[in-house]
Asks: 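One structure, pasted below without further comment.
A quick note: this is a predicted structure, and the numbers were derived from the prediction, not measured.
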Amino acid sequence: MGVGVKKITLTIDGQDVETDEGQTILEAALQNDIYIPHLCYHPALQPRGTCRLCMVELGDGQLVTSCRTLVAPGMVVKTKSPEVNKVVRPVVELLIADHHSSCRGCPANGHCELQKIMAHLRIDRRRVRRLRPPEEEMPLDTSNPCFDYDPNRCVVCGICVQTCEDLHGVSSLYFVNRGYGTRIAFHGDESKCESCKKCIERCPVGVLLPKDVPVSSA
Ligand code: SF4
Ligand code: SF4
């Protein structure tokens with residue numbers, strides 16, 4: 001705890017939670033072992049609120065992204081409510097339907113954020129996958145010197161892009177296409193990737209498969 005940091009109390013799912021002023025609702029919840037689904041949030045990065053999975057309902061009925069909303073004294077937060085469910089569940093179901101891969105054989109199996117979210121929301125994966133139109137698997141992208149990219153498993157959270165930009169000033173990774181066709185791509189110029197492997201470490205679903213190259217200390 002920092003010197004002079006004011007403590008405040010709020011209520012999350014009926015539980016009184018004490019936390020530091022200036023924290024977000026998501027940070028306060030996670031620190032108190034209250035899970036709120038999230039994919040684009042990483043504690044080392046600025047929150048962007050793009051995945052919309054960390055939506056919570058405030059006491060006045062307002063829906064907000066918990067990763068971008070600061071706690072306030074006396075705040076009332078519901079992480080599970082019919083209104084939250086109406087927003088979050090369809091987003092997760094679409095992500096799963098678009099997730100063209102089986103967990104078996106996936107390097108992230110057992111410690112994958114998407115699996116955690118499915119379990120938390122009790123989503124029947126087999127039912128959701130029936131919504132998916134038959135499509136061919138996309139090939140592995142092997143163009144990066146440091147890792148291979150499996151687009152079939154990518155949830156397009158953007159953590160890898162933001163991580164590279166944050167650490168190196170300019171990202172070696174970028175988004176291509178739009179809507180459900182959105183994927184990650186790499187600048188072909190090998191010199192842009194510093195092989196720090198931080199993007200691999202932070203990917204929440206194990207989509208970046210490391211190649212046998214030494215980790216750079218740059
Ligand atoms: S590769 Fe991983 S970190 Fe990057 S957008 Fe896809 S799921 Fe997110
Ligand atoms: S390994 Fe490091 S430098 Fe290379 S793309 Fe990933 S974050 Fe960027």
Asks: State, with a plain yes or no, whether a side-chain heavy atom of K211 is found less than 4.5 Å away from one of C146.
Replies: no
Asks: Please determine whether side chain to side chain donor-acceptor pair (under 3.5 Å) holds for the pair T79 and D13, giving the CA-CA distance in whole Å, both sets of side-chain angles, and the decisive distance to 0.1 Å.
Replies: CA-CA 6 Å; T79 71; D13 293 340; 2.6 Å; yes
Asks: Could you tell me whether the side chain of D166 and the main chain of Q162 form a donor-acceptor pair under 3.5 Å?
Replies: no
Asks: Determine whether L95 and V87 fall in the same hydrophobic cluster, where Ile, Leu, Val, Met, Phe, Trp and Tyr are linked whenever their side-chain heavy atoms lie under 4.5 Å apart.
Replies: yes
Asks: When you measure from the side chain of D141 to the backbone N and O of S143, does any donor-acceptor pair fall under 3.5 Å?
Replies: yes
Asks: Which atoms form the tightest heavy-atom contact between V77 and I25, and what is the distance?
Replies: CG1-CG2, 3.9 Å
Asks: Going by an N to O cut-off under 4.0 Å, is there a salt bridge joining D20 and K7?
Replies: yes
Asks: Under a 4.5 Å cut-off applied to non-hydrogen side-chain atoms, are I34 and V17 in contact?
Replies: yes
Asks: Using only heavy-atom distances, determine whether the side chains of D148 and T142 contain a donor-acceptor pair under 3.5 Å.
Replies: no
Asks: Is a side-chain N or O of D60 found less than 3.5 angstrom from the main chain of Q62, in a donor-acceptor match?
Replies: yes
Asks: Which heavy atom of A72 sits nearest to which heavy atom of L10, and what is that distance?
Replies: O-CB, 3.9 Å
Asks: Just checking R68: does its CZ atom have more than 12 heavy atoms from other residues, nucleotides or ligands closer to it than 6.0 angstrom?
Replies: no
Asks: Would a 4.5 Å heavy-atom cut-off, applied to side chains only, mark L140 and L209 as touching?
Replies: yes
Asks: Whether the side chain of H168 engages the backbone of V170 through a donor-acceptor N/O pair (distance < 3.5 Å, no angle test) should be reported.
Replies: no
Asks: Indicate yes or no: at least one non-hydrogen side-chain atom of K78 is less than 4.5 angstrom from one of V84.
Replies: no
Asks: Provide the closest heavy-atom pair for V176 versus A185 in the form atom of the first, atom of the second, distance.
Replies: CG1-CB, 3.7 Å
Asks: Any idea which heavy atoms bring P151 and M138 closest together, and the distance?
Replies: CG-CB, 3.7 Å
Asks: Donor-acceptor pair, distance only, cut-off 3.5 Å: does the side chain of K197 make one with the backbone of F147?
Replies: no
Asks: Are Q23 and Q31 close enough that a side-chain donor and a side-chain acceptor fall under 3.5 Å?
Replies: yes
Asks: Is there a side chain to side chain contact (heavy atoms under 4.5 Å, CB included) between R202 and C160? Walk through the geometry before answering.
Replies: CA-CA 7 Å; R202 292 182 184 176; C160 56; over 6 Å; no
Asks: Is there a continuous path of hydrophobic side-chain contacts, each under 4.5 Å between heavy atoms, that joins Y174 to L45?
Replies: no
Asks: Output the distance between atom OH (Y149) and atom CG (N152), rounded to the nearest 0.5 Å.
Replies: 9.0 Å
Asks: Testing the basics here: between H120 and P37, what is the closest heavy-atom pair and its distance to 0.1 Å?
Replies: CD2-CG, 3.7 Å
Asks: Tell me the closest heavy-atom pair linking A29 and I36, and the distance in Å.
Replies: CB-CD1, 3.6 Å
Asks: Just how far is it from atom CD of E113 to atom NZ of K116, taken to the nearest 0.5 Å?
Replies: 5.0 Å
Asks: Tell me, do T69 and M75 make a side-chain contact under 4.5 Å, heavy atoms counted?
Replies: yes
Asks: I'd like to check C164 versus S172 (side-chain heavy atoms, cut-off strictly below 4.5 Å). Are they in contact?
Replies: yes
Asks: Between the main-chain N or O of V161 and the side-chain N or O of S171, is there a donor-acceptor pair closer than 3.5 Å?
Replies: yes
Asks: Are L30 and I159 grouped together when hydrophobic residues (ILVMFWY) are joined by side-chain heavy atoms under 4.5 angstrom apart?
Replies: no
Asks: Go through the steps to decide whether I8 and T19 satisfy the test side chain to side chain contact (heavy atoms under 4.5 Å, CB included), and finish with yes or no.
Replies: CA-CA 6 Å; I8 62 165; T19 188; 4.1 Å; yes
Asks: Do L121 and R89 come close enough that some side-chain heavy atom pair is under 4.5 Å?
Replies: yes
Asks: With under 30° as parallel and over 60° as perpendicular, where do the rings of Y41 and H38 fit, or are they tilted in between?
Replies: perpendicular
Asks: Check the hydrophobic clustering (I, L, V, M, F, W, Y; side-chain heavy atoms under 4.5 Å; chains of links allowed) and say if L167 and I184 are grouped together.
Replies: no
Asks: For the residue pair Q115 and N109, confirm or rule out a side-chain donor-acceptor distance under 3.5 Å.
Replies: yes
Asks: List, one per line, each side-chain donor-acceptor pair under 3.5 Å for residues 50-59, sequence neighbours excluded.
Replies:
{"from": "R52", "atom 1": "NH1", "to": "G49", "atom 2": "O", "distance (Å)": "3.1"}
{"from": "E57", "atom 1": "OE1", "to": "S81", "atom 2": "OG", "distance (Å)": "2.5"}

Asks: Would F175 and L208 show up in the same hydrophobic cluster when neighbours are defined by side-chain heavy atoms closer than 4.5 Å?
Replies: yes
Asks: What distance separates S66 OG from L70 CG, expressed to the nearest 0.5 Å?
Replies: 11.5 Å
Asks: With heavy-atom distances below 4.5 Å as the criterion, would you say the side chains of I123 and I96 are in contact?
Replies: yes
